Every structure is written in C-alpha cells, then in structure tokens.
Amino acid sequence: MAAVIILLPISATAQSPRGGGGGNITLGSSLVADSSNSTWKSPSGEFAFGFRQVSPGGYLLAIWFDEMPERTIIWSANRNNLVQQGSTIQLFSDGRFELNDPTAGRRIWAASPATSGVAYAAMLDSGDFVLAANSSAVMWRSFDEPTDTLLPSQIFNQDSNLIAAFSDTNHSSGRFQLELQTDGNLVLYTRNFPMGDIISAYWSSQTPGDGFQLIFNQSGYIYLTARNGTMLNTLSSNGASASLFHQRLTLDYDGVLRHYVYPKSANSTGTRPMAWSVNEFLPSNLCLSIRQDRGGGACGFNSLCSLGTDQRPKCICPTGYSLLDPNDRLSGCKQDFVSQSCNQESNDTDHYSFSDMPRVNWPLSDYASFGPVSEDWCRQDCLNDCFCSVAIYGSNGVCWKKRSPLSNGVIDPSVGGKALVKIRKNDTTTTTAENPFERKSSNRSALIVTGSVLLGSSVFLNLLLLSSVLFFVFRFKGRKSKTAIRAHNTVPPGVVSIRSFGFDELKEATNGFNEEIGSGAWSTVYKGTLKEGENVIFVAVKKPHKIAEEADQEFKTEVSSISRTNHKNLVQLLGYCDEGQNRLLVYEYMPNGSLAEFLFENPSPPNWYRRVQIAFATARGLCYLHEECTMQIIHCDIKPQNVLLDGSHVAKISDFGLAKLLRADQTRTNTGIRGTRGYVAPEWFRNMPITAKVDVYSYGILLLELLCCRRNFLPDVEDENEVVLADWAYDCYRGGAIRSLVADDEVAVDDLKRFERFVMVAIWCVQEDPALRPHMKRVMHMLEGSVQVPAPPDPTSFVT
Ligand SMILES: *[C@@H]1O[C@H](CO)[C@@H](O)[C@H](O)[C@H]1NC(C)=O
Ligand SMILES: *[C@@H]1O[C@H](CO)[C@@H](O)[C@H](O)[C@H]1NC(C)=O
Ligand SMILES: *[C@@H]1O[C@H](CO)[C@@H](O)[C@H](O)[C@H]1NC(C)=O
Ligand SMILES: *[C@@H]1O[C@H](CO)[C@@H](O)[C@H](O)[C@H]1NC(C)=O
C-alpha cells in the first residue's frame with residue numbers, strides 16, 4: 001500500500017465518532033457472531049459493521065449498507081475464511097483489533113495499524129471503519145483494504161486491487177481483479193482459481209506511467225488522475241450526488257466493474273426503486289473482451305457468454321451440456337452424454353449428430369482447420385472425428401475443429417459463422433456405448449429395401465431376378481470382406497472384389513435366418529454378423545424368394561460391371577453365396593434404415609443440414625452411376641425407400657444396377673406403374689426412350705420430399721393445391737411463396753437462399769420433357785451453387 005493520507009482529522013468530518021450507539025467504540029468492546037446480530041452502526045445509520053451469517057454456520061465480518069433491504073456488503077475481513085458461531089471481533093485494551101474463532105482455536109484476522117496508540121474505533125458515515133488515536137489521527141481504515149467495492153471519498157492508490165466475489169452469494173475471492181498497477185495502468189484481469197494469480201488482462205485504462213489514483217468523488221464521478229491531479233481517464237461521468245444516492249463501484253463476480261446507485265429517499269412521485277441500478281459499467285461487452293489461452297474465459301469451460309438485453313453477461317451451456325456446479329454460473333459446462341468412441345470398430349458416429357448454434361464461437365481451442373469447404377463437408381469431417389467436439393463453420397467457408405474443453409465461448413451478433421455442436425442423439429441415453437444393431441427387428445422395418453420397384457412394376461421383376469441370378473453364376477475372386485465400413489472410407493474405385501460365402505457360413509452368420517430386417521417382393525433381408533479376426537461386422541443378407549434359372553452371357557458381363565462399382569454413396573455389395581438352390585447376396589449393413597423412414601416416420605422433421613447432406617450424397621451416388629462408371633448404370637428406381645443411411649447418416653443408394661439392363665427398345669407395360677405422379681418419370685408411360693433422365697426425374701421428386709419432409713403425394717391434405725408436392729412447389733416458386741414450403745423449420749428458414757435454390761433445381765429435375773432435365777453432374781453443380789440456377793419453366797408445359 002503506497003502513500004495514503006493516513007492522518008485525517010475525524011473531528012473535521014460531519015460524522016464525528018460518538019460513544020454508544022453510532023459513536024466511538026471504546027477499548028475493550030467486542031461483538032460476537034451469533035443470533036443477537038449486534039452491530040456497530042455509523043452515526044447516520046447508513047452503514048453497519050458486524051457479523052453476517054452467509055452460509056449455514058459461516059459468518060463473515062463485514063461492513064454493509066444497513067438501511068436497504070439488500071444490506072449490500074461492501075467490505076469484509078475474512079471472505080476466504082468464514083468463522084463459526086461464537087467467534088468474536090474485539091478491540092483489546094492495548095489497541096489490538098482481532099477476529100478470533102474459538103472453535104478453530106485461533107486468530108482469523110487482525111487489523112494492522114501503522115503505529116501503536118489506538119484509542120478507539122469508529123464506523124464512519126462514509127462507510128469507512130477506522131481505528132484512531134487519542135488525537136483522532138486514523139491508524140487503520142477499512143478503505144485502505146478494499147475487497148470488491150469502492151465508495152465515494154474512497155481513494156484507490158497504486159498497488160491496490162479489488163477482487164470480485166466468487167458468486168452472487170459466495171463472497172470469497174473469485175475470478176476477476178481490478179488493479180491499479182505501480183506502473184500507473186488500471187487493469188482488469190482474470191484470475192486463476194484457486195491460486196489467485198492473474199491470467200490475462202481484459203480491460204485497461206492504457207495509462208502506463210501516468211495513472212496515480214482512482215478517485216470516486218462525492219458527486220459520483222469516478223476517474224483516474226495523474227500525480228499532478230490531472231484527470232486521465234473517466235470511468236463514470238454520469239454524476240450522482242452522494243447526498244442523494246447511495247452508491248458504490250463494485251467489481252462484480254461476473255467480471256464487470258459497475259457503478260451502482262440507489263436513491264436515498266423516495267422521489268417526488270413517492271416511488272423508490274427498491275434495487276441498485278447501474279449507472280455505468282465496463283468493459284462494454286465482457287463476452288468479447290475476455291479471450292485467454294489458459295482458463296475458460298468469461299463463463300468457464302465449454303460455456304457460452306452472451307450479453308443480455310440488460311447488458312449483463314449471461315452464461316449459457318450449449319445443447320447437450322449443463323452447468324458443472326448448478327450453484328455457480330461461472331463453473332463452466334459439462335457434457336451430459338458419453339463421448340464418441342475412438343475405437344474404429346465401434347461405428348459410434350451413428351449415435352452423434354449436431355446442434356446448430358448460429359453466431360456462436362469458441363475462438364480458441366481449435367486443433368485443425370480446413371478451407372474453403374462446404375458446411376456439409378465440415379459436419380461430416382467433425383462427425384467422423386472422435387476428437388472433434390465442435391466444428392465452427394465460418395462465413396468464409398473455413399471449418400475449424402475444436403476439442404474439449406472449449407474456452408472463451410461467446411454468442412454475439414458480431415460472430416459471423418456458426419457452431420456445430422456435436423451431441424449424442426437422445427435415443428440412446430445409456431452410459432455405455434450401446435450396440436446400435438441390437439434393436440428389435442420390429443422397430444427396423446425394411447432396413448435393406450430390396451428392389452421395391454418390383455412392387456409397382458412387374459417389368460423390372462424379371463430383369464431383377466435375372467440379374468441377381470447371374471450374379472451367383474458369375475464367379476468372383478474370393479477375398480476377405482471389408483472389416484470396417486465407415487462413412488469416410490473412400491475405397492479407390494474399381495478395386496473392391498467380392499467374396500464368395502458358403503451357405504452354412506451365412507446361415508450361422510444370420511443365426512439361422514432369424515432376424516428379418518426387411519422384405520420386398522422378391523426377397524427377404526436378414527441381419528447377420530461376420531467375424532473378421534477380432535472384429536465383428538454386421539451385414540445384411542438378402543435371400544431371394546425364388547430363383548429363375550435362365551442366364552445369359554451378356555447379363556453376366558453387365559452384372560460383373562455392377563460388382564465393380566464402388567462409391568461411398570452406394571450401398572456396397574460384399575459378397576454372395578451360390579450353392580445349388582441357395583443363393584444369397586451379402587451387403588454392408590445400414591443401421592439407420594431408409595431415407596423414407598428417416599423423412600416420413602420421424603416425429604419431428606430431421607435436421608435441415610442433415611437433409612442437405614443427404615441431397616448431396618444421393619446426387620453424388622447417381623452422378624457416379626450415370627457418368628463415372630465404365631458403363632452407364634441407370635437405376636430406374638430412385639426413391640427414399642432405396643436410399644439407405646449408414647451409421648453416420650451418410651446416404652447410400654441401394655439396389656442400383658439391378659434394373660440397369662433395360663434397353664430403349666425393350667417393351668414396357670404400364671400395368672402396375674403408379675397412376676399418380678410418383679417417382680416414375682412420365683416417359684415410362686409414353687413411347688419414348690428410357691435414359692438416365694428417368695433417374696433425374698425421380699431424384700427431383702426425392703429432393704422435394706427431402707426439402708419439405710413430406711411425401712410427394714398426400715391425398716388427404718386439406719388444401720387440394722398441396723396434394724401433389726411437385727405441383728405445389730412449382731406454384732409456390734412461381735408465386736414467390738417459397739417460404740410457405742419451409743413451414744416452421746427454423747433452421748431451413750435461416751438458410752432460405754439455399755432452400756430456394758434446391759427447390760429450383762428440383763423443378764428442373766421434374767420437367768416432363770426429359771431433354772429439359774439437367775444431367776446429374778449439372779444438378780450437383782447447381783445444388784452446390786457453383787453454377788447459376790436459371791428460372792425453371794412449368795414442368796407440365798411439355799406436350800407429346
Ligand atoms: C471519540 O474519542 C476521541 C478520543 O478519545 C475524542 O476526541 C472524540 O471527541 C470522541 N468522539 C465522540 C463523538 O465522542
Ligand atoms: C487518551 O487521552 C485521555 C485523556 O484525554 C487519556 O486519559 C487516555 O489515556 C488516552 N488514551 C490513550 C490510548 O492514549
Ligand atoms: C465459496 O466458494 C469457494 C470456492 O469454490 C468454496 O471453497 C467455498 O466453500 C464457498 N463458500 C460457501 C460459503 O459456499
Ligand atoms: C467530482 O468530479 C467532477 C469531475 O471532475 C467535478 O465536476 C465535481 O465538482 C467533483 N465533485 C466534488 C464534490 O468534488
């Protein structure tokens with residue numbers, strides 16, 4: 001403590017100490033911490049000195065504003081060392097002033113006057129508690145040892161500091177500190193808890209070399225002066241007279257330095273605010289001011305700081321997290337779910353998804369960044385990375401991966417990007433990683449949807465049966481099946497070979513064809529497990545009801561080409577069995593079922609970004625079939641039932657190639673093809689060649705369903721204009737009412753530009769004239785936004 005004006009003639013102040021109530025405290029006086037609540041009051045009664053019970057059995061020796069209901073504490077002697085009932089504060093006859101806790105058997109605190117000769121003590125009306133000599137010279141004063149508050153007339157010298165309370169109910173030393181450094185700079189620091197050393201500065205007066213004293217004068221002005229008295233820096237200039245207002249400058253537990261005022265008497269209208277109001281405060285936005293490489297930031301680890309409408313920082317836990325200590329808002333947030341396993345075989349990504357938090361960032365804690373990339377890429381990359389707790393997708397297309405514990409979290413309008421917070425999906429709340437495959441088959445209808453085109457179109461049936469038969473006939477080199485099927489594994493194209501299985505092996509793998517996970521017109525699908533050394537992998541075994549006997553060399557060739565397809569957005573065929581009548585196909589298992597279930601059987605609409613991802617994935621898969629295979633493959637049956645979702649919700653097209661063998665000259669029949677506009681392109685009903693554009697049409701319908709989370713055809717819908725989604729979508733687009741398609745999907749609303757672009761692409765895809773429909777590659781580019789999407793014409797304007 002540097003040069004303080006020690007000698008202050010007490011008699012000169014208006015509130016000269018007196019004996020008894022509100023006067024001089026004579027030598028030998030004491031107070032006891034108990035229910036008597038006796039105090040030493042200042043003459044005016046504004047302030048009281050005494051014990052305050054602040055926790056069960058815990059007493060604080062303090063000074064407080066005694067006239068207001070809050071009894072706001074402005075100073076304390078033992079904030080980090082509460083005393084028990086029966087403890088005493090005593091002014092001994094020799095002038096010692098000591099706090100003793102008899103239960104603890106020791107002295108807890110003592111005032112240390114500069115010199116001996118204390119004759120009395122006094123609680124002054126300024127809020128200062130003093131020990132004085134016979135001459136009225138002050139030997140010690142509480143003003144020189146502030147805790148977290150300054151009062152008018154209190155002077156804050158170099159090398160003094162205020163330390164914020166731990167919380168609004170716990171007065172012990174907390175996490176923030178105001179210091180007038182010996183170099184003259186007035187600085188706010190974060191403090192290391194519990195060691196108390198400073199971590200980093202988050203505000204300063206920027207007066208190194210100049211600052212000498214912080215003055216809080218009787219008119220309620222708070223400013224920093226230089227040694228020669230010139231004002232350097234004003235902290236509060238919104239003056240409030242000390243005669244009219246109680247006031248204080250407090251470094252609050254949340255780290256904000258606030259100048260509070262409280263009217264001393266009711267105003268003319270008789271209304272008196274019954275609480276402190278903030279006159280001025282700093283820093284202006286604490287959430288943005290604190291950024292430290294060590295420590296959690298303003299709100300603690302994993303937490304988010306947001307400036308409320310009342311200008312107070314609020315600490316918020318992200319979705320899936322909750323306060324570490326429910327009684328301490330600054331304690332940070334703990335993850336409420338089991339962390340993602342880093343065990344490659346656990347296929348754990350299946351359990352995780354993202355909560356989107358716009359305008360959220362944790363500016364530090366990143367360990368990887370990529371850019372520019374698409375948001376979908378960013379999501380997928382974080383999802384597949386067990387270290388990644390949060391991905392920040394910046395408006396500049398940069399993807400930052402962050403790991404726990406996250407620090408300096410902030411929600412603020414100035415934050416451009418958004419946070420994708422990885423959370424465990426709530427369908428699995430167990431604390432151990434649950435096996436995703438152990439669900440009852442009844443819950444998982446049609447996991448592998450088999451050639452469902454056959455349900456509607458018998459023309460495909462034979463082709464499909466034929467092609468599958470040929471599959472078995474054709475011998476492939478046996479090889480070990482892939483051990484781990486993970487979404488991000490991109491196996492180089494053309495190198496996957498297919499393994500031949502024995503019937504008994506598959507019978508055992510499926511436990512005697514026990515667990516049916518789907519069935520179609522021509523086959524039933526069973527779940528199976530295969531052991532690959534240490535690992536167990538799950539497979540879907542497709543068992544045709546009956547097998548046609550015919551075979552043809554040309555088909556063999558084509559089927560073999562199908563077997564060579566390999567793309568992350570196609571369901572992978574792993575092997576087959578061909579033993580007499582026992583012919584089976586073995587596929588990778590898709591734990592998240594079909595897109596149809598995902599879209600139409602979910603109680604709430606699936607997340608918009610996940611849907612966007614599925615739109616891209618399906619388009620990519622089709623693009624590959626149409627344009628990147630050695631021979632073009634037309635799927636002919638694109639619909640949500642044939643798009644399956646793997647453990648990471650990556651969409652994969654199933655049953656591709658099975659209908660590939662169509663030729664333009666092949667006869668077709670329209671019996672069994674749905675009469676309603678479904679996924680089937682109109683050229684099936686017309687005398688027109690069948691091209692890859694039929695898939696584009698089906699994709700357009702699927703895309704609309706993805707956008708709106710409803711089936712294309714809803715006969716029972718109230719408004720008849722909305723019965724056929726493709727028609728309604730075009731009406732909305734033409735009428736400039738895209739917004740009505742989004743309904744109340746707020747996440748999609750936030751991404752309305754993309755939503756509109758996707759609707760336009762879908763309308764291009766469902767053009768009745770196949771020539772007008774874009775190729776899948778162009779569809780991809782339009783979806784990505786890398787090419788302009790021209791205004792689509794009315795899809796039905798085509799006349800044959
Ligand atoms: C308090 O005590 C001092 C020293 O004994 C004395 O000068 C002063 O007058 C006293 N004040 C009151 C109000 O009794
Ligand atoms: C204070 O002064 C009075 C006389 O004015 C004297 O009796 C008393 O002993 C003095 N006390 C101290 C502590 O010096
Ligand atoms: C106040 O917080 C500190 C730090 O967590 C803790 O040690 C102390 O027990 C708390 N005091 C009370 C009264 O809860
Ligand atoms: C307090 O400081 C302000 C600003 O310098 C000044 O205008 C005012 O007169 C001062 N009040 C007192 C009581 O000194």
Side-chain angles (χ1 to χ4, degrees), residues 5 8 12-15 33 51-62 73 76-85 87 101 103-104 108-109 125-127 147-148 150-156 163-177 190-197 205 207 211-249 251-255 259 261 264 279-280 295-296 299-301 303 315 323-332 334:
I5 306 164
L8 185 85
T13 67
Q15 305 87 26
F51 288 103
R52 284 278 294 275
Q53 188 172 359
V54 293
S55 72
Y59 288 82
L60 189 66
L61 179 62
I73 292 173
S76 66
N78 60 323
R79 62 192 309 194
N80 295 319
N81 211 349
L82 297 182
V83 292
Q84 308 193 32
Q85 185 162 353
S87 298
D101 187 340
T103 322
I108 301 296
W109 174 85
D125 276 338
S126 60
T147 47
D148 60 356
L150 297 179
L151 295 175
S153 83
Q154 187 167 356
I155 288 168
F156 194 64
I163 295 173
F166 190 78
S167 74
D168 53 356
T169 53
N170 182 334
H171 300 271
S172 64
S173 297
R175 298 148 167 128
F176 305 95
Q177 172 168 333
T190 53
R191 290 176 92 232
N192 204 348
F193 185 83
M195 301 310 283
D197 46 326
S205 63
T207 52
F212 177 62
Q213 278 185 332
L214 183 66
I215 307 284
F216 188 167
N217 80 11
Q218 292 289 338
S219 313
Y221 287 83
I222 306 170
Y223 52 88
L224 190 64
T225 60
R227 197 170 290 270
N228 63 11
T230 46
M231 203 185 292
L232 294 172
N233 193 306
T234 308
L235 274 64
S236 188
S237 55
N238 197 0
S241 164
S243 59
L244 299 176
F245 293 92
H246 301 290
Q247 45 189 317
R248 63 189 167 100
L249 177 72
L251 179 59
D252 281 324
Y253 77 97
D254 60 8
H259 177 200
V261 297
K264 284 189 168 170
N279 199 5
E280 288 195 23
C299 282
F301 288 111
S303 189
C315 295
L323 272 183
L324 195 57
D325 174 358
N327 300 317
D328 179 8
R329 294 195 324 132
L330 306 186
S331 60
K334 65 177 171 22

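Everything numeric here is computed off the predicted structure, so don't read it as measured data. Start at 1 and go down the list; that is how both ligands and their atoms are numbered.
Neither side chain, Ser167 nor Asp328, offers a donor N or O lying under 3.5 Å from an acceptor on the other.
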Tabulating one pair per line, provide the atom names and distances (0.1 Å) for every N/O atom of ligand 4 that is less than 3.5 Å from a protein N/O atom.
from	atom 1	to	atom 2	distance (Å)
ligand 4	2 (O)	Asn217	ND2	2.2
ligand 4	11 (N)	Asn217	ND2	2.9
ligand 4	11 (N)	Ser219	OG	2.6
ligand 4	14 (O)	Asn217	ND2	3.4

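For the atom pair His171 NE2 and Phe166 CZ, the distance stands at 13.0 Å (nearest 0.5 Å).
Set against the non-hydrogen atoms of Phe166, the atoms of ligand 3 under 4.0 Å away are 2 (O), 4 (C), 5 (O). Short contacts between ligand 3 and Asn170, defined as distances under 4.0 Å to a heavy atom of the residue, involve ligand atoms 1 (C), 2 (O), 3 (C), 8 (C), 10 (C), 11 (N), 12 (C), 14 (O).
Within the structure, the closest approach of Ser172 to ligand 3 falls below 4.0 Å when heavy atoms are considered.
Arg79 pairs in a side-chain contact (heavy atoms from CB on, under 4.5 Å) with only one of the listed residues (Val54, Ile73, Leu61, Ile163), which is Ile163. When each of Leu330, Thr169, Asp148 is checked for a side-chain contact (heavy atoms from CB on, under 4.5 Å) with Tyr253, only Leu330 meets the rule.
Ligand 3 has no N or O atom lying under 3.5 Å from any N or O atom of Ser55, backbone or side chain.
Here the side chain of Arg191 pairs a donor or acceptor atom with the backbone of Gly174 at under 3.5 angstrom. Counting only distance, with no hydrogens or angles, the side chain of Asp101 and the backbone of Gln84 share a donor-acceptor pair below 3.5 Å. With hydrogens and angles disregarded, no donor-acceptor distance shorter than 3.5 Å links the side chain of Asn78 to the backbone of Trp109.
Residues Phe51 and Val83 have side chains in contact (heavy-atom distance under 4.5 Å, counting atoms from C-beta outward).
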